[in-house]
Amino acid sequence: MSALSKWIESVVLRAVGPEKFGRLEYQLKPRRRASWGGPMNGQAGRLRICRDIVTTLSPTAIVETGTFRGTTTEFFAQFPVPIYSVEAVPRFHFFAAYRFRELRDRVHLTLGDSRSFLNSLAADPTVPKNNVFFYLDAHWNADLPLAQEITTIFANWRQAVIMIDDFAVPGDSYAYDDYGPGAALNAEYLDRLGRTDMHRFYPSLHAAEETGAKRGCVVLCNDAHVQERLTALSSLRPALR
Ligand SMILES: C[S@@+](CC[C@H](N)C(=O)[O-])C[C@H]1O[C@@H](n2cnc3c(N)ncnc32)[C@H](O)[C@@H]1O
């Protein structure tokens with residue numbers, strides 16, 4: 001997008017406010033509904049991992065942090081379970097809210113910070129607390145919510161599975177996020193959490209064979225039964241310890 005188009009959008013956004021802007025953007029710019037090249041960054045291998053996880057574990061709910069425009073939320077919404085997603089930027093939240101307006105009884109979108117969102121879900125008795133699949137994708141800058149997100153999830157949910165997007169895959173060339181010292185999404189970041197109960201899995205597929213943006217990921221669990229089920233999936237490989 002040109003600098004002029006960006007400036008015009010910022011003027012319109014200020015004039016009409018984020019709710020109306022999000023709706024207009026959804027209606028007038030349909031190509032923006034497929035941001036990042038499609039769900040899961042346009043990565044066929046990653047979509048397969050998700051389908052495998054959902055098939056083998058039948059999660060009771062799916063939680064996403066970082067809705068953006070709802071492209072991956074839409075992929076999750078095909079599974080007949082409640083979906084919860086949070087977005088910090090109002091114009092993106094309202095874009096997605098309009099997108100899922102007819103599914104709002106099942107696709108629950110929240111405007112806010114992922115850390116307080118997860119705490120709210122943990123305190124909400126209507127939200128399932130067992131066997132929930134979490135997709136953590138709310139990383140955008142040096143204010144990384146990831147450590148707190150993981151801690152909150154494992155403290156409040158039993159048999160949780162966590163997939164983290166944009167994560168370095170050891171020994172492979174997948175792209176990952178690096179926001180500076182102590183804020184790279186890699187194995188050392190997880191090591192610093194100091195947890196001895198966490199099992200890690202990486203994609204079996206090499207980046208060279210993946211489609212789309214070839215962003216890496218890690219899948220985490222802290223339950224022996226879930227670990228066994230994930231170990232049986234050919235799309236994942238357990239991390240070498
Ligand atoms: C990479 S995008 C998410 C893409 C989306 N999951 C998808 O697959 O289409 C990251 C999003 O997270 C949001 N974000 C960043 N920090 C956040 C936070 N602490 N809480 C909630 N959302 C956040 C950003 O505004 C951005 O829209």
Side-chain angles (χ1 to χ4, degrees), residues 1 6 9-10 13 18-19 21-22 25-26 29-51 53-54 61-79 83-100 103 107-122 133-153 162-168 174-180 183-185 189 203 210-219:
M1 195 173 26
K6 274 190 184 167
E9 283 204 357
S10 71
L13 174 60
E19 184 164 2
F21 186 89
E25 195 180 12
Y26 179 87
K29 303 278 183 185
R31 282 168 59 181
R32 293 187 185 175
R33 299 173 199 174
S35 40
W36 311 109
M40 301 270 163
N41 322 304
Q43 297 180 211
R46 184 80 75 77
L47 293 174
R48 182 178 159 216
I49 296 174
C50 289
R51 285 195 193 96
I53 290 174
V54 171
I62 299 174
V63 177
E64 174 187 38
T65 63
T67 317
F68 194 50
R69 294 194 172 103
T71 307
T72 296
T73 323
E74 189 169 271
F75 166 75
F76 285 134
Q78 76 182 281
F79 304 111
I83 311 292
Y84 302 87
S85 186
V86 63
E87 170 55 50
V89 175
R91 64 177 272 197
F92 299 144
H93 164 76
F94 287 114
F95 183 104
Y98 190 74
R99 180 178 201 152
F100 297 107
L103 287 180
V107 178
H108 308 278
L109 301 183
T110 298
L111 174 61
D113 179 81
S114 61
R115 289 154 285 206
S116 47
F117 162 76
L118 289 172
N119 283 324
S120 302
L121 292 189
F133 180 21
F134 292 85
Y135 178 60
L136 304 186
D137 197 13
H139 12 273
W140 202 243
N141 51 46
D143 175 28
L144 254 190
L146 202 49
Q148 262 177 274
E149 291 175 341
I150 295 168
T151 303
T152 302
I153 291 165
I162 300 176
M163 174 183 279
I164 303 173
D165 190 27
D166 308 304
F167 202 90
Y174 280 103
Y176 64 99
D177 282 355
D178 184 348
Y179 299 104
L185 273 60
Y189 184 91
E210 176 62 289
T211 60
K214 298 180 191 284
R215 311 290 298 173
C217 76
V218 66
V219 175

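Atoms within a ligand are numbered from 1 in the order they appear, just like the ligands themselves. On a predicted model such as this, the values are computed, not experimentally measured, just so you know.
- Contacts between Arg115 and ligand 1, counted as non-hydrogen atom pairs separated by less than 4.0 Å, involve the side chain only.
- Residue contacts with ligand 1 for Thr67 involve N, CA, C or O but no side-chain atom from C-beta outward (heavy atoms, distance under 4.0 Å).
- Under the 4.5 Å side-chain criterion, counting only non-hydrogen atoms from C-beta, Asp137 is not in contact with Thr72.
- Tyr174 and Glu210 make their closest contact through OH-CB, 3.9 Å (heavy atoms, listed as atom of the first residue, atom of the second, distance).
- The single protein non-hydrogen atom nearest to atom 9 (O) of ligand 1 is Trp36 CD1, 3.5 Å, given as residue, atom name and distance.
- Looking only at heavy atoms of the protein, atom 16 (N) of ligand 1 is closest to Ala138 O, 3.3 Å.
- Looking at Glu74, its side chain never comes within 3.5 Å of a backbone N or O of Thr71 through a donor-acceptor pair.
- Taking a cut-off of under 4.0 Å to the non-hydrogen atoms of Thr71, the atoms of ligand 1 that pass are 9 (O).
- Put simply, no part of Pro39 is less than 4.0 Å from ligand 1, judged by heavy atoms.
- Close contacts between ligand 1 and Val89 involve ligand atoms 25 (O) [criterion: under 4.0 Å to a heavy atom].
- Which parts of ligand 1 touch Asp113 is read off a 4.0 Å heavy-atom cut-off, strictly below it: atoms 18 (C), 19 (N), 20 (N).
- Between the side chain of Arg115 and the backbone N or O of Thr152 there is no donor-acceptor pair closer than 3.5 Å.
- In terms of protein heavy-atom proximity, atom 12 (O) of ligand 1 is nearest to Gly66 CA, 3.3 Å.
- Aromatic ring orientation, Tyr84 versus His108: parallel (interplanar angle below 30°, classes split at 30° and 60°).
- The contact set between ligand 1 and Gly112, taken as ligand atoms under 4.0 Å from a residue heavy atom, comprises 20 (N), 21 (C).
- Close approach of ligand 1 to Glu87 (heavy-atom distance below 4.0 Å) involves ligand atoms 11 (C), 12 (O), 13 (C), 22 (N), 24 (C), 25 (O), 26 (C), 27 (O).
- Taking CZ of Arg91 as the start and CZ of Phe21 as the end, the distance is 4.0 Å to the nearest 0.5 Å.
- Near Phe68, the atoms of ligand 1 lying under 4.0 angstrom from a non-hydrogen atom of the residue are 3 (C), 4 (C), 5 (C), 27 (O).
- Heavy atoms only, all atoms of each residue included: Leu185 and Asp165 are closest at CD2-O, 3.5 Å.
- In this structure, CD on Gln148 lies 8.0 Å from CG on Asn119, to the nearest 0.5 angstrom.
- Here the protein heavy atom with the shortest distance to atom 2 (S) of ligand 1 is Trp140 CZ3, 3.6 Å.
- Remark: Glu9 engages Arg32 in a salt bridge, criterion side-chain N to carboxylate O under 4.0 Å.
- Considering backbone and side-chain N/O of Pro145, none are found under 3.5 Å from N/O of ligand 1.
- A donor-acceptor contact shorter than 3.5 Å is absent between the side chain of Asn41 and the backbone of Gly37.
- Judged purely by atom type and a 3.5 angstrom limit, His139 has no side-chain atom pairing as donor or acceptor with the backbone of Gly66.
- Ring to ring, Tyr176 and Phe167 are not that close: their centroids are 6.0 angstrom or more apart.
- Set against the non-hydrogen atoms of Ser114, the atoms of ligand 1 under 4.0 Å away are 18 (C), 19 (N), 20 (N), 21 (C).
- Nearest non-hydrogen protein atom to atom 22 (N) of ligand 1 is Ala88 N, 3.2 Å.
- Residue contacts with ligand 1: Thr72 is placed with a nitrogen or oxygen under 3.5 Å of a nitrogen or oxygen of the ligand (distance criterion only).
- Between Phe92 and ligand 1, no N or O atom pair is found at a separation short of 3.5 Å.
- Residue-to-ligand polar distances place Glu64 within reach of ligand 1: an N/O pair is separated by less than 3.5 Å.
- At the top of the distance list for atom 4 (C) of ligand 1, counting protein heavy atoms only, stands Asp137 OD2, 3.2 Å.
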